[in-house]
Protein chains: 2
Amino acid sequence: MTVERPATPLSRARRPTIKDVAEKAGVSRSTVSRALTGRGYAADEVRERVRRAAAELGYVPDAMARTLKQQVSRSVGVIVSDLRNSFYAELAAGASAAARERGYTMVLADTSLSTDAEIEAAEAFVALRVAGVIVTPNSPSVSTYLGEHGIPVVEVDRQFAAGSTDGVVVGNRVGAREATAHLLELGHRRIALFIDETNWTTGHERYEGYSEALAASGGAVEPALVVSSGWDVAGSHQRALDMLREPDRPTAVFAANNVLAEGVWRAVAELGLRVPGDVSLVAFDDAPWMSMVSPAVTAVAQDTLSLGAAAVRRLHERIERPDGESVTSVLGVRLMVRGSTGPCPAP
Amino acid sequence: MTVERPATPLSRARRPTIKDVAEKAGVSRSTVSRALTGRGYAADEVRERVRRAAAELGYVPDAMARTLKQQVSRSVGVIVSDLRNSFYAELAAGASAAARERGYTMVLADTSLSTDAEIEAAEAFVALRVAGVIVTPNSPSVSTYLGEHGIPVVEVDRQFAAGSTDGVVVGNRVGAREATAHLLELGHRRIALFIDETNWTTGHERYEGYSEALAASGGAVEPALVVSSGWDVAGSHQRALDMLREPDRPTAVFAANNVLAEGVWRAVAELGLRVPGDVSLVAFDDAPWMSMVSPAVTAVAQDTLSLGAAAVRRLHERIERPDGESVTSVLGVRLMVRGSTGPCPAP
DNA sequence: ATATCCCGTGGGAACGATGCCATGGCGCTT
DNA sequence: AAGCGCCATGGCATCGTTCCCACGGGATAT
């Protein structure tokens, strides 16, 4: 349905430029520039006069012209995988706030998990001469590409270019170890791991944490219990249904991120299994729904807002000092024990 | 915790410009421009040669210089209230995808519900010479300000400047009416409305829908049952606790957005009230958690992704034809009946 | 043969802001 | 009185791209 309304002609007036301000204040463009930016000399009286003239005209300096001249903008690029996932949305929110604090505008690209889109976004950022880029990478290519163009990059959450690129990640290994240890303490031995993949960065570390906890309790990873279930709810949902229908199903599941956790959780509900009576569930990444469902889901919580803010902070430092050593910050995580984990049921 | 790693010097090589491409291809800058943009003549052989030279150099046209010359960029600004709210995150995701399809980059500002931040973002967008702006406004000021600067604006979700600015909203009145009617059909008469405010745009329309449904059933709005509970979970949570502790508490609550619904939902759980046995709950805006909790929450679902996409589409049309009549599109909503609504308990 | 057209190309002036450099005035020292 | 330094300002080139204009050469029309 569409409602038509009478048009109002937009005032397409030419935007005032520094020249207009200069004429109005009776000084040269150079003086206006110095007066407004605060760089260089300007008599107090003149500065005030220029300020007034600018305000009266509604003058807004053209960021394009400034960037062109200075060869670097006050924008930072942010590339995330999927804004619909609360993790990335919160990351972006944290980055946005921190960017604003530092006077940066945020150019955001949601790649919808596509590598093409990732490269496309990186190119757009090069074209925009962004001061730096924050990315939750899916491959090393973005960091490499931007590095070649001399643009500072901070990899967040996942890290492919450790050593040559700054990073901000969370204690994946520790978190996964604690989550698994928590289940082991409750007596569980058959603990399934639902994970996107186990070879790179975040996935690898979470797998390692899981593995270490098992080893510490005298157990070992049972390959049949490790499920690489892709990146979407549907995938993990299906795989969880398959696994939990088996007679020798696991007594506990550790889902390595919030998406996989949702799939598993839906499967458990669908099969009518009791939680934690029949199966315990623990997740990595504490999504909002986890504390609302009943029983609430035990989860490894990361301070995602801080993760985004820390990335901007790191990026800012890198922009100020381009040639320092590359640094990876590791943020802590916290195991939130809730109702979804309980003692291992008697066989 | 921080891990230091050896530095890798960034290749701070000067970025190739159109001049470099011109020299490499043995033509003038004008020809390179024509060959790459496709505007104006260029012999096939030359075009191909220029393309190769550009590719070999890794040339990326400077968007700043281009924008400066053309006086308008290929970026759209998006201003949302709070990315941590799934509604806005999804809206942004829809806008992002639609923007990318049309070759725009998206500059995003999360205002964290602050009007200052809103104006700040608008100024930044003027400075960036964005092609247009999409905003979930909290006051008419952003649209007015951008309008004065000749920047097309689309108001989405809420609309303050109807008549002078394009808008994309959902059927708030219809949705609220259906939700309320659903409760009335179940026999409820004391239906509380939790709402942020009732005077403007979205809040007003939802209130009207609620009111209309009551009137249609021969009832009327009881002021004591209408709670303006602010914009956060804590507020509605407290107000819900207060109201539901009363002996003459309502038998049903209609929460006019997902945040208020969360507050009410938490209050209901905290008081140990059965849903829908003691109290029914229906929400406007179907947040992810609503279909996961038990009982699942009946909600008026809006296609938020489409809302964002439609806003970009509208904006794009406005950019192409700046002087047409201003248009407001209204997207449909759908009542998702779930377990949280049931027959009115006997007194 | 000359005029007219079109194709293809290069020259160069913008776009708006910045920042180096030159200039001039004033006050102070020697 | 001349020299010096400092403050305050204006002139101007520059950033990288676009696009208007002019121009040359070949084909076609007269």
Side-chain angles (χ1 to χ4, degrees), chain A residues 13-51 53-54 57-75 123-124 126-131 149-150, chain B residues 13-51 53-54 57-75 123-124 126-131 149-150:
Chain A
R14 200 179 54 83
R15 260 186 270 267
T17 73
I18 199 170
K19 197 176 158 205
D20 301 318
V21 178
E23 279 165 13
K24 176 147 186 152
V27 293
S28 72
R29 291 172 309 161
S30 313
T31 303
V32 173
S33 174
R34 284 192 308 265
L36 293 181
T37 62
R39 281 186 287 273
Y41 294 111
D44 287 349
E45 189 269 333
V46 171
R47 189 180 301 271
E48 194 43 46
R49 187 150 40 95
V50 169
R51 284 228 180 94
L57 291 172
Y59 169 68
V60 179
D62 186 320
M64 300 298 135
R66 174 177 290 170
T67 299
L68 177 60
K69 174 66 181 161
Q70 300 186 330
Q71 290 296 294
V72 61
S73 73
R74 287 293 283 178
S75 297
E123 271 192 22
V126 170
L128 287 173
R129 303 296 187 252
V130 295
H149 284 267
Chain B
R14 199 178 55 82
R15 260 185 270 268
T17 73
I18 201 172
K19 196 176 159 203
D20 300 318
V21 178
E23 278 165 13
K24 177 147 185 152
V27 293
S28 72
R29 291 170 313 161
S30 311
T31 303
V32 172
S33 175
R34 284 193 307 265
L36 293 182
T37 62
R39 280 186 287 272
Y41 295 110
D44 287 349
E45 189 268 334
V46 171
R47 190 179 300 271
E48 193 44 46
R49 187 147 44 93
V50 169
R51 284 226 181 95
L57 291 172
Y59 168 70
V60 179
D62 186 320
M64 300 299 135
R66 174 176 291 170
T67 298
L68 177 60
K69 175 65 184 164
Q70 300 186 328
Q71 290 296 293
V72 62
S73 73
R74 286 294 281 179
S75 296
E123 272 191 21
V126 171
L128 287 173
R129 302 297 186 253
V130 295
H149 280 83

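Numbers restart at 1 for each chain; the letters A, B, ... are given by sequence-line order, proteins then strands.
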Exercise for the section: Take B/D44 and A/I18, find for each the nucleotide of DNA chain C with the closest heavy atom, and name the residue whose nucleotide sits nearer the 5' end. Expected result: B/D44
Practice task
Kindly indicate, with the supporting measurements, whether the criterion side-chain contact (heavy atoms from CB on, under 4.5 Å) is fulfilled by A/R29 and A/T17.
Solution key: CA-CA 10 Å; A/R29 291 172 309 161; A/T17 73; over 6 Å; no
Problem - Residue B/R66, side-chain heavy atoms: nucleotide from D/dT17, C/dT18, C/dT9 that is nearest - result: D/dT17
Handout entry: Heavy-atom side-chain contact between B/E48 and B/R51 under 4.5 Å
Key = yes
Handout entry: Value in whole Å for how far the C1' atom of C/dG8 lies from CD of B/E45
Key = 12 Å
Practice task
Write down the distance between CE (B/M64) and P (C/dG16), rounded to a whole number of angstrom.
Solution key: 16 Å
Problem - Main-chain N/O of B/R129 paired with B/S73 side-chain donor or acceptor, under 3.5 Å - result: yes
Practice task
Check every strand shown and say whether A/T67 touches a base, only sugar-phosphate, or nothing at a heavy-atom separation below 4.0 Å.
Solution key: nothing
Handout entry: Distance (rounded to the nearest 0.5 Å) between A/D62 CG and A/I18 CD1
Key = 10.5 Å
All N/O contacts under 3.5 Å from nucleotides 10-15 of chain C to the protein, with atom names and distances to one decimal?
residue: C/dG10; atom: OP2; partner: B/S28; partner atom: N; Å: 2.9
residue: C/dG10; atom: OP2; partner: B/S28; partner atom: OG; Å: 3.0
residue: C/dG10; atom: OP2; partner: B/T31; partner atom: OG1; Å: 2.5
residue: C/dG10; atom: O6; partner: B/R34; partner atom: NH1; Å: 3.4
residue: C/dG11; atom: N7; partner: B/S30; partner atom: OG; Å: 3.2
residue: C/dG11; atom: O6; partner: B/S30; partner atom: OG; Å: 2.9
residue: C/dG12; atom: N7; partner: B/R29; partner atom: NH2; Å: 3.3
residue: C/dG12; atom: O6; partner: B/S30; partner atom: OG; Å: 3.1
residue: C/dA14; atom: N3; partner: B/K69; partner atom: NZ; Å: 3.4
residue: C/dC15; atom: O3'; partner: B/Q71; partner atom: NE2; Å: 3.2

Any protein N or O atoms within reach of nucleotides 4-7 of chain C? Criterion: under 3.5 Å, listing atom names and distances.
residue: C/dC7; atom: OP2; partner: B/Y41; partner atom: OH; Å: 2.8

Exercise for the section: Please check if the side chain of A/R34 supplies one atom and the backbone of A/Y41 the other of a donor-acceptor pair under 3.5 Å. Expected result: yes
Fill in the blank from the handout: note: B/K19, atom NZ; D/dG16, atom C1'; distance rounded to Å ~ 11 Å
Fill in the blank from the handout: Rounded to the nearest 0.5 angstrom, the CD-CG distance for A/E123 and A/L128 is 11.5 Å
Problem - Whole-Å gap separating C1' (D/dT18) and CZ (B/R74) - result: 16 Å
Practice task
Kindly say whether B/A35 contributes a backbone atom to a donor-acceptor pair with the side chain of B/R47 at under 3.5 angstrom?
Solution key: yes
Practice task
May I ask you to decide if A/H149's main-chain N or O and B/R15's side chain share a donor-acceptor pair within less than 3.5 Å?
Solution key: yes
Practice task
Answer yes or no: is there a donor N or O on one side and an acceptor on the other, between the side chain of B/T37 and the main chain of B/S33, under 3.5 Å?
Solution key: yes
Fill in the blank from the handout: Residue pair B/R47/B/R129 against DNA chain C: nearer the 5' end by closest nucleotide is B/R47
Practice task
Could you verify whether a donor N or O on one side chain and an acceptor N or O on the other, from B/S28 and B/T31, lie under 3.5 Å apart?
Solution key: yes
Between the protein and nucleotides 22-28 of chain C, list every N/O to N/O distance that falls short of 3.5 Å.
none

Problem - Note, B/R49 side chain near B/V46 side chain (heavy atom, < 4.5 Å) - result: yes
Handout entry: Separation of atom CZ in B/R39 from atom C1' in D/dC19, rounded to whole Å
Key = 9 Å
Practice task
Using whole Å, report how far CG of A/D62 lies from P of D/dT17.
Solution key: 16 Å
